[in-house]
Every structure is written in C-alpha cells, then in structure tokens.
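Beneath this line is the structure, given in structure tokens, with notes to follow.
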Amino acid sequence: MSVDKELDDGDINNKQYFEVKDPQIHIIDGTLATDNVSPKNRKPATRLYKKRWLIVFLFSSYSLCNSYQWIQYGIINNIFMKFYGVDSFTIDWMSMIYMLTYIPFIFPVTWLLDKKGLRIIALIATAMNCIGTWIKVASARPDLFAVTFLGQFMSSFAQVFILGMPSRIASVWFSSEEVSTACSIGVFGNQLGIAIGFLVPPILVPNVEDMNELAHHIRIMFYITAGVATLLFVLVVIVFQEQPEIPPTQSQATARSIPPEEYSYVASIKRLLCNKPFMLLVITYGLNVGCFYAVSTLLNRMIIEYYPGEEVNAGRIGLTIVIAGMVGSLICGIWLDRTKTYKQTTLAVYLMSFIGMIVFTFTLDLGHLWVVFITSGALGFFMTGYLPLGFEFAVELTYPESEGTSSGLLNCSAQVFGIIFIICQGKIIDSFGIQAGNIFLCAFLLIGTIMTGVIKSDLRRQRANTLAKEEAEKERLEGMDYGATALITPPQL
C-alpha cells in the first residue's frame, strides 16, 4: 500500500501507523519495517481520501453563491438607483459593505477557525448566507431599501467565514503536490460567483419603466438566490467534514501534533506582523485585489459612459474578466504544483496585471465593444488569476502559522484598499473622467509590481515537507544497514 493511496472512509483505522497481520511488521511511510524501529522514530502515516474533492467542490459552491451577491446590485447600478430612489454612491455601498464588514470581523472569525475548526465555520457561513438571501426576498419594494441593505449585510457577514478558507481546506485535505490546484478550485468558486453576478442580473432584471413589473423581476432574482443558498446550507449540514482522520502531508501531521494549549492566536498574529516578506505580500495583495474590486464595482458606470444602453454587455464584459481569471487561476495553480516557483510566478502575473490595466484604460473609449471584450479578458486572466497565487505564497512564507490567519490578513488588506480605491476612483471619475480614474489604478499596480519584486522567497512549507521526506529516507536506510527493514513489496491491504 503506497503512501499516496487514496482511501474511502471505510478503509481507515485510528492508529498513527498501519499494521499488517504479522505483529512484528509495520508500515512506516509506505515501507515495511520490523519492531526494531523505535516507536519514537515512526513517522505518522499520511493518506489521501477521495472525499477531499467533494469537500473542496462543496466549499467552492457556497462561495459561489455568496460572491454572486456581492456584485448583483452594482452591475445594474442604474436600475436599482431608479427602483429604490437612491444615488449611485449608495448603490456602490452595496458592494463596499462586503469589504467594510470583513475588516472588523476577520480576526474573531480566524480565532474561531483555530478553536472550532472548518465545519463550524462552514455551517455559520452557509446559515448567514441563507438568512441574507431570504431577507432580500422580502425587500423587493421601492420603499424597502433598508431591508435589502440588511440582507446584503448578512450576506457580507457570511463572506467573512468564506473568503480566507481555500488555503486552509487545501492544506488540511490535500497532498503537497495538490495544494495549489486545490486552493485554485476553492478560489474558482468565488470567481465563478462574481462571473454569474455580472451575467445574470442584467438578464433577469431588464431596465423597464413600470415599477410593478420591475419589482416582479427583482423578486424572481432574489427567490432563485435564496433557493440555491438553502440547498447549499442543507448539503453542508449533511456532508461537510472537519478534516480527514489521517493527515495528507507530514507538515499537516506536525501541525496537528501541536497541543492546543501551546498555541496562542495573539502570538501568531504578532509573528505574522513581524514577518517582513509576508507583510510586503499583504500590501501588494491588497493593492492588486483592491484594484480588481474597484474595476468590478464601477464597471457599469465605465461601460454606460462610453456605450449608452449597453447594460447587458457591461455584465458580459464583467463575465469575461472573471471567466478569463478563472482560467488563469487554474493554470497558475497547476503550474505552482509542478514547479513551486511561487515568487517568480507571482511577480510575472502581477506585472502582466499592470500591463493589462494600461491596455484596458487606453482602449476603453475606442468605440468598439469587441476591443473592450478582448482587453478585459486579458486583464482578468492575470488580475483575477493572481488571487490563489497570493494565498499559496502567503502559506509558504508563514508556515506553520494557521492558513486561515494569513489568508485573513491578506483579505483584510484587500478590503481596505478596495474601499479606498472604489471611493477615490468614483470621485476621480466624477471630476476628471473614466480614463483618469483608471490611470489612478495603474499607478498603484506599478507600485505593487515593484514591491513584489523585493519579497524574499522563503518557502517554509516546502522546506518542512522536504526535510520530513529526507528524514524518513535516512531512517529507512539506517534500518537497512542494521537488517531491520524487510525488503519486500508492501502488501495491498
């Protein structure tokens, strides 16, 4: 039985290493060894479970449902302005509330993650998301803007329990050769939700003048979202599991061996804040993702300015940005699993995001929508594709600190910069025009590219896994020297 064999739940036992029928022989790291091997030198077995794919896809699904709601108001900004009788800046806050809510709540949520684990976090996330969607169902009247804002707040609160989880799920469930791909799949759901948020609202809610008909279309959109959110909550209750019984990697086994009383959340935060490469990444991640938030939130205004009456195409352009980014995320995740070139890949993608933003800025007003589709796709491939890179690079720089805490700090930075960029770019657009607002974002992407170039590539998680494998091999060879290792093919259990 090889160390990487995938097991179903019925194939596992509760021991730290596997035994065969001969009590004198044990399987240690996939190698048969006799009892001459000291118990203290036995490395914990590592196993992969087929259920890991179900867990990451279920997470990806409820992340999709939540992120869809982030942009569902902004992409038809002008329609909701008319329906609720509010100004453009107020509708912008329906997106920014996601960012503002994240900042104060991320630290207690990451503390709860460390204390209670993934399942509790998943249950709270899907429950809050479900409640928010049903509140919105009751808000489809022109005089109930406060109610729809409350529903959006509940959904934004759910996001705090979702946004930083991909890297944690990847580390807890997947092998070192799969973590980047798994993280990309987790981020994929968030991106796909945003893509659907760009595409579906303009189709379900046409720009009609009759308020009763408009309320009917809005209510249908809210009902669909609530139904999906309810289904996902039920699935999480039934299916979502805290962690595999046996860890997938030696680094995860080491992390599990740390007694809870020896872990201090405050001390972990302090260590992260003193980690210079990580803090540089926190700033650069915030700059890049903050620019993406600004472009997404204000995209409707940009397109309508140059192409009046093209609300549906504004949504399709947003869809193009995110779909291209999803492809970029998966390609980058697979690339990282194969090459482990975290610093080089992150820098290259950041530089291309900057170049893509420049091209998008100076081609937006050419009068050809097909050009905008192409340039927005190129921008999205790199800017949105950067998201899982930041998560995985952060985990490497901060191991063995909690993945939820490092991801939380990254996302907190993104929310802060997102709010700043949306407000500032909106004011610049009002005063100086669309192009000036986009040049403002280009300047910060250039700063982020330069800062990324000076981050020290300290890959701690990779080093820990490599050392564990080297130690296991050394012990195996020492056992052979003393005749303690049985050189036979391990039986298939």
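With sequence neighbours left out, F381 forms a side-chain contact (heavy atoms from CB on, under 4.5 Å) with A324, V327, I331. With sequence neighbours left out, N288 forms a side chain to side chain donor-acceptor pair (under 3.5 Å) with no residue at all. For L347, the side-chain contact (heavy atoms from CB on, under 4.5 Å) criterion is met by T449, T452, not counting sequence neighbours. Residues satisfying the side-chain contact (heavy atoms from CB on, under 4.5 Å) criterion with W134, sequence neighbours excluded, are C130, V137, Y223, A226, T230. Y293 meets the ring pair (Phe, Tyr, Trp, His ring centres under 6.0 Å) test with W70; sequence neighbours excluded. Taking F292 as the reference, nothing meets the ring pair (Phe, Tyr, Trp, His ring centres under 6.0 Å) condition, with sequence neighbours excluded. By the ring pair (Phe, Tyr, Trp, His ring centres under 6.0 Å) test, F360 pairs with no residue at all, sequence neighbours left out. By the side-chain contact (heavy atoms from CB on, under 4.5 Å) test, V234 is found to be paired with I238, residues two or more places apart in sequence or in another chain being considered. Applying the ring pair (Phe, Tyr, Trp, His ring centres under 6.0 Å) test to F157 and every residue at least two apart in sequence or in another chain returns F105, F161.
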Would you be so kind as to tabulate the donor-acceptor pairs closer than 3.5 Å made by side chains of residues 276-286, with sequence neighbours excluded?
| residue | atom | partner | partner atom | Å |
| --- | --- | --- | --- | --- |
| T284 | OG1 | L280 | O | 3.2 |
| T284 | OG1 | L281 | O | 3.0 |

Below 3.5 Å, can you tabulate the donor-acceptor pairs from side chains in residues 120-127 to any protein atom, sequence neighbours excluded?
| residue | atom | partner | partner atom | Å |
| --- | --- | --- | --- | --- |
| T126 | OG1 | A122 | O | 2.9 |
| T126 | OG1 | L123 | O | 3.2 |

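Taking the side chain as every heavy atom from C-beta outward, L204 and I224 approach each other to under 4.5 Å. By the 4.5 Å heavy-atom criterion applied to side chains, N66 and Y98 are counted as neighbours. Annotation: side chain of I455 is in contact with side chain of L397 (closest heavy-atom distance under 4.5 Å).
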Verdict with supporting geometry, Q69 and S155, side chain to side chain donor-acceptor pair (under 3.5 Å):
CA-CA 8 Å; Q69 298 171 72; S155 297; 2.7 Å; yes
Steps toward side chain to side chain donor-acceptor pair (under 3.5 Å) verdict (E396, Y342):
CA-CA 9 Å; E396 291 293 335; Y342 291 87; 3.3 Å; yes
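One distance of note links CE of M383 with CZ of F354; it measures 11.0 Å at 0.5 Å rounding. Here CG of D92 is found 13.0 Å from CD1 of I97. Values are rounded to the nearest 0.5 Å. In this structure, I75 CD1 and S296 OG are separated by 8.5 Å, a value rounded to the nearest 0.5 Å. How far OG1 of T297 is from CD1 of I71: 4.5 Å, rounded to the nearest 0.5 Å.
Ring orientation note: the planes of W53 and F57 are tilted relative to one another, at an angle of 30° to 60°.
Sorted by first and then second residue, the side-chain hydrogen bond (donor to acceptor under 3.5 Å, both in side chains) pairs involving residues 99-112 (not counting sequence neighbours) are T101-S156, Y102-N411, T110-Y265.
A donor-acceptor pair under 3.5 Å links the side-chain atoms of R119 to the main chain of V237, judged by distance alone.
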